[in-house]
2 protein chains.
Amino acid sequence: MYVTNANQAVDMADFAQFPTETCALPETRLAAGAHLFREGDAVTRIYQVVAGVVSLNRLLEDGRRQIIAFGLPGDLVGFPCDGRHHTDCEALSLVRLQPFRITQIDCATGDPVLRARFMEAALHEIAAMQDHFMMLGRKSAAERVASFLIALDARTGQDRDGQRRVDLPMSRADIADFLGLTTETVSRVLSQLRKSRVIALDGIHRVVFLRPAALRALATGDCD
Amino acid sequence: MYVTNANQAVDMADFAQFPTETCALPETRLAAGAHLFREGDAVTRIYQVVAGVVSLNRLLEDGRRQIIAFGLPGDLVGFPCDGRHHTDCEALSLVRLQPFRITQIDCATGDPVLRARFMEAALHEIAAMQDHFMMLGRKSAAERVASFLIALDARTGQDRDGQRRVDLPMSRADIADFLGLTTETVSRVLSQLRKSRVIALDGIHRVVFLRPAALRALATGDCD
DNA sequence: CGCGCGCGTTGATCGCGATCAAGCAGCACG
DNA sequence: CGTGCTGCTTGATCGCGATCAACGCGCGCG
């Protein structure tokens with residue numbers, strides 16, 4: 001499920017473990033920057049991300065962008081509504097995808113086990129989006145960035161030398177558009193966290209958690 | 001389909017038209033201010049709002065509140081995630097509700113038609129939330145209020161003397177918590193729209209659209 | 001009728017994050 | 001090796017919406 005908070009970190013990877021007979025469609029690849037689908041497109045497939053990262057975007061006429069969710073390995077993307085996609089989906093890196101025919105989801109026909117999984121994924125996505133709402137509507141810039149790092153850590157964080165490390169596979173602009181901020185503000189908050197020894201930056205795209213408790217307190221607003 | 005934008009205004013009222021045998025549960029009522037369920041509660045029922053309005057809320061430890069959605073007549077509320085509710089649900093007025101057993105939704109057992117309706121409702125909710133994201137992340141205060149009025153009009157607006165009218169069944173504080181603003185800002189924006197003759201206020205809880213086109217332009221940011 | 005209370009409105013000020021701008025680091029290219 | 005480009009960082013300033021405060025209005029109640 002989508003990058004939003006820790007309790008969403010249910011492992012969906014077993015989706016891919018369905019026998020290929022039920023999948024019936026070969027894995028596809030997408031280069032960084034390419035679009036998997038766009039808002040308004042008719043939905044014929046839904047996809048499970050096998051490797052890489054995608055973003056689900058909404059655009060306003062004047063160019064303002066909001067990233068609804070990042071799709072990480074295990075996530076399902078492409079939920080239809082009235083047969084149409086309601087976001088753009090863009091690859092942020094080289095992405096491998098397992099497609100499923102939308103007809104396999106329809107209630108009349110289709111595989112009941114796959115359908116149940118699909119339902120479960122949709123309900124998890126709703127819960128994940130609810131956390132994201134709190135972030136966008138009520139949290140400060142620092143709280144948003146801290147929440148984001150913690151959510152990403154819960155999904156893809158690694159242990160190394162007893163410290164948590166997390167890769168940021170997306171640009172600062174992508175993070176900003178996800179959090180409802182600007183790239184400048186994201187950069188400033190990360191610098192501030194670095195200066196106060198809460199995190200360290202190991203290159204642009206890797207964060208080391210030096211004081212995870214402080215980060216967690218910041219994320220939930222308990223720091224006052 | 002929660003109050004979010006016009007293209008969500010699919011009529012869900014036919015949910016209630018299922019023969020009572022499939023419902024099997026009697027309609028319930030809830031007084032204004034009472035809670036239907038709270039975050040963390042085990043999910044045994046989902047509910048369709050028959051009359052009145054409910055809000056789905058998230059709270060932060062320090063009291064900050066975000067309203068995820070308003071549940072208007074026809075809407076389904078109480079989507080489970082891992083068997084738990086992930087929001088509070090509070091009645092904003094006297095509410096009538098049609099409960100459904102969650103077991104009727106499970107894939108193994110349960111009514112397939114009801115299950116398909118439930119799936120459709122969940123997918124619509126996802127799409128509606130995506131619009132709300134753009135609102136919270138990227139729109140100005142005036143754009144948020146205008147978008148809200150237009151979305152509410154699409155759901156519950158009335159024609160009267162050739163003018164659209166819409167009731168606001170919730171308080172200014174509820175609107176503010178839905179839009180990620182403060183009550184003062186909501187009040188100021190409404191006053192501004194009134195002074196510029198875009199809307200008129202017929203009492204505290206009713207808005208008349210004087211210049212719907214201007215309101216629509218404001219909502220989408222086309223006014224520049 | 002007087003009073004208190006909750007909710008909404010309006011005004012004054014503050015501060016966070018956006019905006020505008022400059023500089024820097026990494027990297028592909030000839 | 002130099003050059004240009006792109007993405008990230010940092011600084012200076014601005015403005016929107018939050019905050020703090022006062023007031024008005026409707027309404028229930030003694």
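These numbers come from the heavy atoms of this one structure, side chains and all, not from hydrogens, waters or symmetry mates. Letters A, B, ... mirror the listed sequences (proteins, then strands); counts begin at 1. For clarity, every value in this text was computed on a predicted model and none was experimentally measured.
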Under 4.0 Å, heavy atoms only, any strand: does B/Leu190 hit a base, just the sugar-phosphate, or nothing? nothing
Considering only NZ, NE, NH1 and NH2 on the basic side and carboxylate oxygens on the acidic side, decide whether A/Arg160 and A/Asp202 come within less than 4.0 Å. no
Give a yes or no answer on whether the side chain of B/Ser187 reaches the backbone of B/Thr183 with a donor-acceptor pair at less than 3.5 Å. no
Taking any heavy-atom pair under 4.0 Å as a contact, classify B/Gly180: base, sugar-phosphate, or nothing. sugar-phosphate
Output field: ring centroids A/Phe79/A/His86 closer than 6.0 Å: no
Less than 4.0 Å between a side-chain N and a carboxylate O, is that true for A/Asp174 and A/Arg65? yes
Can you pull the contact range of chain B along DNA chain D, 5' to 3', using atoms under 4.0 angstrom from its heavy atoms? D/dG17 to D/dC20
Between the CG atom in B/Leu218 and the CD1 atom in B/Ile150, the distance rounded to the nearest 0.5 Å is 8.0 Å
Is a side-chain donor or acceptor of B/Ser93 paired with a backbone partner of B/Val53 at a separation under 3.5 angstrom? yes
With the threshold set at 4.0 Å, does a side-chain nitrogen-carboxylate oxygen contact exist between A/Arg84 and A/Asp41? no
Across the strands shown, which category fits B/Arg138 at heavy-atom distances under 4.0 angstrom: base, sugar-phosphate, nothing? nothing
Write down the protein N/O and nucleotide N/O pairs, taken from nucleotides 24-26 of chain C, whose separation is under 3.5 Å; answer none if there are no such pairs.
none

Just wondering, do A/Glu143 and B/Arg64 contact through their side chains at under 4.5 Å, heavy atoms? yes
